[in-house]
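For the numbers below, each heavy atom of this structure counts, side chains included, while hydrogens, waters and symmetry mates do not. Labels below follow one simple rule: chain letters A, B, ... track the order of the sequence lines, proteins then strands, and each chain is numbered from 1.
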There are 10 protein chains.
Amino acid sequence: MSLINKEVSAFSVQAFQDNAFHTVNKEDLLGKWSVFFFYPADFTFVCPTELEDLQNNYEKFKAINCEIYSVSCDTHFVHKAWHDHSERISKLEYPMLADPTHTLARDFEVLIEEAGQAERGTFIINPEGKIVAYEVNSGNVGRNADELLRKVEACQFVHEHGDEVCPAKWKPGEKTLKPTLDLVGAL
Amino acid sequence: MSLINKEVSAFSVQAFQDNAFHTVNKEDLLGKWSVFFFYPADFTFVCPTELEDLQNNYEKFKAINCEIYSVSCDTHFVHKAWHDHSERISKLEYPMLADPTHTLARDFEVLIEEAGQAERGTFIINPEGKIVAYEVNSGNVGRNADELLRKVEACQFVHEHGDEVCPAKWKPGEKTLKPTLDLVGAL
Amino acid sequence: MSLINKEVSAFSVQAFQDNAFHTVNKEDLLGKWSVFFFYPADFTFVCPTELEDLQNNYEKFKAINCEIYSVSCDTHFVHKAWHDHSERISKLEYPMLADPTHTLARDFEVLIEEAGQAERGTFIINPEGKIVAYEVNSGNVGRNADELLRKVEACQFVHEHGDEVCPAKWKPGEKTLKPTLDLVGAL
Amino acid sequence: MSLINKEVSAFSVQAFQDNAFHTVNKEDLLGKWSVFFFYPADFTFVCPTELEDLQNNYEKFKAINCEIYSVSCDTHFVHKAWHDHSERISKLEYPMLADPTHTLARDFEVLIEEAGQAERGTFIINPEGKIVAYEVNSGNVGRNADELLRKVEACQFVHEHGDEVCPAKWKPGEKTLKPTLDLVGAL
Amino acid sequence: MSLINKEVSAFSVQAFQDNAFHTVNKEDLLGKWSVFFFYPADFTFVCPTELEDLQNNYEKFKAINCEIYSVSCDTHFVHKAWHDHSERISKLEYPMLADPTHTLARDFEVLIEEAGQAERGTFIINPEGKIVAYEVNSGNVGRNADELLRKVEACQFVHEHGDEVCPAKWKPGEKTLKPTLDLVGAL
Amino acid sequence: MSLINKEVSAFSVQAFQDNAFHTVNKEDLLGKWSVFFFYPADFTFVCPTELEDLQNNYEKFKAINCEIYSVSCDTHFVHKAWHDHSERISKLEYPMLADPTHTLARDFEVLIEEAGQAERGTFIINPEGKIVAYEVNSGNVGRNADELLRKVEACQFVHEHGDEVCPAKWKPGEKTLKPTLDLVGAL
Amino acid sequence: MSLINKEVSAFSVQAFQDNAFHTVNKEDLLGKWSVFFFYPADFTFVCPTELEDLQNNYEKFKAINCEIYSVSCDTHFVHKAWHDHSERISKLEYPMLADPTHTLARDFEVLIEEAGQAERGTFIINPEGKIVAYEVNSGNVGRNADELLRKVEACQFVHEHGDEVCPAKWKPGEKTLKPTLDLVGAL
Amino acid sequence: MSLINKEVSAFSVQAFQDNAFHTVNKEDLLGKWSVFFFYPADFTFVCPTELEDLQNNYEKFKAINCEIYSVSCDTHFVHKAWHDHSERISKLEYPMLADPTHTLARDFEVLIEEAGQAERGTFIINPEGKIVAYEVNSGNVGRNADELLRKVEACQFVHEHGDEVCPAKWKPGEKTLKPTLDLVGAL
Amino acid sequence: MSLINKEVSAFSVQAFQDNAFHTVNKEDLLGKWSVFFFYPADFTFVCPTELEDLQNNYEKFKAINCEIYSVSCDTHFVHKAWHDHSERISKLEYPMLADPTHTLARDFEVLIEEAGQAERGTFIINPEGKIVAYEVNSGNVGRNADELLRKVEACQFVHEHGDEVCPAKWKPGEKTLKPTLDLVGAL
Amino acid sequence: MSLINKEVSAFSVQAFQDNAFHTVNKEDLLGKWSVFFFYPADFTFVCPTELEDLQNNYEKFKAINCEIYSVSCDTHFVHKAWHDHSERISKLEYPMLADPTHTLARDFEVLIEEAGQAERGTFIINPEGKIVAYEVNSGNVGRNADELLRKVEACQFVHEHGDEVCPAKWKPGEKTLKPTLDLVGAL
């Protein structure tokens, strides 16, 4: 079975944000949209460019009431150290979640057991705490924050307009479809 | 565990293409790149726009030695009928796979048991028959063939250049990264 | 054990009839007679002649308070499309049930697992929702609506006259038998 | 799963025919067509009319190389006694199989456990010993030897002409269908 | 363990007696003595002589309040037919029980599984429904109603006189033994 | 299942005979006829009369090549003591088997677990070591050696003349029956 | 684990004493001291000398409120017969328990399964029904009633004087030991 | 089951003797007689008197080729210390076995689990390594070396004279019994 | 998992102290600090030097409210004897626990099964009865009471000052660390 | 059971040393002495002081052929980053092992499951790859490299001189003990 409609399991992890440590748990996801953005490890190569790409779009995500959570299997101590020492990472404003127990990576089924690291998995979670879209790339191919934003917007649209659907490449403002009997076989 | 690096299981299904029926099986995937493009059902709404979007890019996929396979749980008889009667679908040139036994939908973990249909799942398969990237959207959000093409190209690049990685949003021609010790913490 | 006297399991499926979609479930069977008429797949060969044969007798079935339900493992979208595009099928007035989850085919034990299709099975169901007669042919031999009608009538007769039985080839109006001790060994 | 294509299990039973007892076993079925005609009990009511109906058509079945085997859970002693004392039964020329161990009734899934009798089940068996069509009525509704003959003929036709199928009500001499791509959706 | 003192299990079977069918069940055994007299099959060889032998003594059994029940795995229809057509059997006045489900034969442990018939077993049952004596012969050796009568009488005697025992070959009127300490080792 | 045709299990027990102890085992049964005559306990009441009754007929059993073995759960020491001190028992010439381990009583299913004694069970064993007839009375009813002799003779007759059967009460010299088709229903 | 402190299981057996039969059960043991004296079989060799040795000391056991129970796997009928016929055994005044069901022999773990007899086991049981001392010899070595008496007396002494212990070979009247810290290592 | 005839399990333990440590194992038992003399603990109260009692008889045991092994759950270090510091124990010449792993105590079924100590169990072992007699007293009753010697001698006698048995209290030189048929019931 | 934070299981053992025996159980540990000091066996070699080393520091442990418990698998009788006879051991003032049942050695996971002895394990237990530090050496390497004292003091410090930690080699009076965000990566 | 003598399981992990990454596996431990020094997490508080303390003694460990391996559940990327950015850590010359899969922490039983971190466990491993001594402190108490060095030296001494043992606080050059019988109880 796919992970679509899977409700995120209860969790409680340490996060680093705004030069402080705090706890993030499942309840924090309810009532707003979230993106869980897994990457293999701090202090590595592709990751910073992806995380920077996300930061560059962070305002747009905030504007549509969607929080970004980056996640790796490193500790929050390491997140702080990376933030302190990397120029790119020091710009990040969204919370960086620490998953040294592999709890989140297992729950979202992206743990690479033999490495103790996570695959590059991105998950869009709706305000009820359920996964509505996701994407997983093998470790050395970078993701695209623009396409992620488009998908969050489409998910939000169909979440609000239950009787309409978004065609391929739909972006806010474009036409959507209302499924009716007459459309069967007519498209 | 994620599906990354999962080898596609042996299968043999009916396909409709070029106004003919033929069999497609796992061996057909080996030695070239493939995209498995699942959608819920023939004669429905979002699906035609996605399938048309793919067809519009079909030449580009062919040019990089990547075959497109659309898959639904309908029979090959239904694929032919849809092709006969829908203007959009009649343009499709790539093979349409029939999965009435749910074999493929189960193997790629996109079967919706209670509906007997597949989620909108896209899978990039390398010439060794292993999944290297995938994406699953809930049923009413359309996909984007341009981003799919970008990801196939990035996957091909790292497949050929084992020691380089593609940063966020990378497209052919852009710079890649060579992971070295000096880059640790330097990006 | 045979399926005689088996009570149909609870179900709820999509049906196409009168150019509309609606839901049919077990409760709809109670209080009247029903025929479940399984066939392998929409848009195929023997099936249309059988379904047309049934339609030609539909008035007679309605006259004796017996509903006809055709069933295949195709979706209701496909039923509509077939109805739209096939001259024979466009005449059908009885409900066409969609069984893409294979629920009905499994419950009546006619699912061909390796094809994801149903055998040509016909089931007569009494007003208590129990099977009283059935027939299964391998996939390429057509059925006979006249004989089916005769059997429904005979089933109805013995359902109402518990102490009489119908001899071979009995049709309404012909003599029946009352089993009494004197008849033992006398026929 | 249905019984279509089920191979009859090995068996060895006593039979009464031509005023003699002999053994019938699975090997006797191979290389010719067979009908297994189960009925509840000797010396009962509906049964004789059905068995007489079969006898009246016995020559036609023989003409198409199809043997008839009637079967009940009574012993061969009882078959002989019935044959001796019933006018109708005394005409029977085909073998009457004795199944007091319930072996056949169980193998064909028509045993009524709580009665120690068989349902009225008819089975057409091909020369490879496999069931290709069957029919089961509840105990008090008689069968129709004419329709049975039609079905054996249709089964024989498709057995010999693997690429043709018999439409509804087909009888020898009438047109059959050759399934081709062009017929998809065209009937 | 032996069947001595085994309580007969609840049962309900069809019986033929006085040219009528009626039901016999366990409750009918309580309060009087019973003999269950199993034999292999109706319309066979040794059986009629045994059943006639019993009938010749039936008045004596009735006189001591002991009912006789003959039992075979044939149906009650067959019992009637045998009664109608056999001179010897037509004399029988005691109830003939039908056990086509093998229920009684199994409960008294005389079923021959590979034949679907009963061994020649005779069981004496006391008014509490418990077996107090029994005898089983292989299929081709006839029993002796005189000895059976003697045993029923002896069983009745010790049932009524709990403190006396019947020596070898005892018949009513002969001396019995009262077990006392002095008799230990003195006989 | 009954014990008819059960092969006696391998055993080895102590026996008392001719004022000596010796071992009896299964091999001693092969090639001749045997009667196993179980009784509850030495030094008790009914038993001596039964054992004496057997002794009185011992010559007749020997004459037809049939050995008598009496069996109780007492030791061979006790058998000797009983033989020494009881007038009736001192006459016994046949072997008295000791079964303090309950091995034989269990194998012939006559052990009364809660008493550590055997039921009054008599078993006729053929030269192949298989049980062909048996009888069990509750503890206080004596058996009849004459009837036992008759049954051994009938068993021997059908053992030698496989195609004839003994009717009720048959004794050597009387007519037997040859089962043929014509006899079915004719007796 | 040893049997020391094992509570005797509930039991009820026949006993022979004073030329009468009566029942002995566990309750009879409570409130007084008991010796259970198992031996292999009545009418055998070593046993009578042991039982006579016990009888010679019976008055002494009675004097200290200790009952003697001899036990073998023979029946009470056999005990009486032995008592009647053996000069030595006829002197016995204590109860002889009958254990033909092997219940006691199993509970005290002295049953020799392959012989259906008991080992020569002696058990001293306190007024609470628990074993406090025991001894088992292989079958052909006789026991010593004097030593048994000494042990019962020692057991009684420590039962009454919980803070004193009996040194080797202690007899009533001799010094006992009071365990104190100063004695540690001082003896 | 009793421990009579139980073969001692393989073992290897530390022993203290002659002011030295050495290993004792099962092989050391073969070919001679042995006594295993368990006691609860070194440096306690009853034990020294028992061990001294044994030492006083050690020469007699040696004279009949029987070794004495005392055993407690203490270590060999403790045995040495006790030997060094206790006047009584310092006299001991036989090997003192150390069983801190509880291996021997478990094998002879004398371990008191809740104390980590052994019951006062004495075991006579024959030259084949099998137990032929044993005795267990609860913790505070001392044993008797004289009686032990008598039992070893009786065991040796019957071991050498297989056809004779020792009556109660037998000592070397006294009469034994030869079991013959004539003795049954004669003692 | 490590034993850190494991709560000591309930136990009750004999102890020797001040020339007396008394019981020590889990409740005695609560409310104060404890050291459990396991060693292989009394009357051995390394052990006395370790136990003396501990005694030399006993006053310092008492001063910081920490009790010392030495533990071996020997009995309390042996502890007393060792204390009586060894110059070094006679000085010991802390309680010596006896573990002949191996209960404590198993609970602290230091039992050497094949020797019935304990490893040289030292455990620091806090006033809540939980292990906070421990150390295990193989059998022939001695421990160091000074380092043990340092560790107890450090454990007590962090137990009282939950927000401070002790750096390497910390001793009372030296600086500790307060973990704050600023210290991350700064040490 | 303790971890003493446990052989380290096969492993293969990434290490950081001399500004390079390389692999360390079990084979690297064989033939020399090793210390595995686990600590909770990089970039934390107590850890750096402990790691510095070890580094200060690194020459002494090297001099006695003992390698030091620090281990945490962080990746080798994080080890490099910490080495780059922390003054104390930058001095470290010994290999820092990365255990993000928790393989080593589990094998040495120091994983804190709920934190994904290791306890402060130190393990001395001999040239055969077996643990000979270890120590675990709860997370906020620092260790002592001097005591660790003393213990490695003592372990090496007894490894080379199998017949001598090291008393408490032993250091190279001091007297050791040769265990002999005379020393039992003499120390």
- Query: What residue among I131(A), I124(A), I4(A), N5(A) forms side-chain contact (heavy atoms from CB on, under 4.5 Å) with S138(B)?
  - Reply: I4(A)
Contact part of [X] toward chain B, heavy-atom cut-off under 4.5 Å: side chain, backbone, both or neither?
X: R106(A); result: neither
X: D146(A); result: both
X: V158(A); result: side chain

- Query: Charged N to carboxylate O below 4.0 Å: is that the case for K151(A) and E135(B)?
  - Reply: yes
- Between OH of Y134(A) and CD of E119(B), what distance do you get to the nearest 0.5 Å? 7.5 Å
Heavy-atom count around [X] [atom1] within 6.0 Å, excluding the residue itself: above 12?
X: K32(A); atom1: NZ; answer: yes
X: K91(B); atom1: NZ; answer: yes
X: K60(B); atom1: NZ; answer: no

Measure across [X] and [Y] and return the closest heavy-atom pair with its distance rounded to 0.1 Å.
X: A133(A); Y: N137(B); value: CB-OD1, 3.6 Å
X: T49(A); Y: A168(B); value: OG1-N, 3.1 Å
X: R143(A); Y: R150(B); value: C-NH2, 3.8 Å
X: A154(B); Y: V141(A); value: CB-CG1, 3.6 Å

- Task: For the residue pair S2(A) and E109(B), establish whether any side-chain heavy-atom pair is separated by less than 4.5 Å.
- Result: no
- Query: Can you check whether L111(B) reaches M1(A) side chain to side chain, under 4.5 Å on heavy atoms?
  - Reply: no
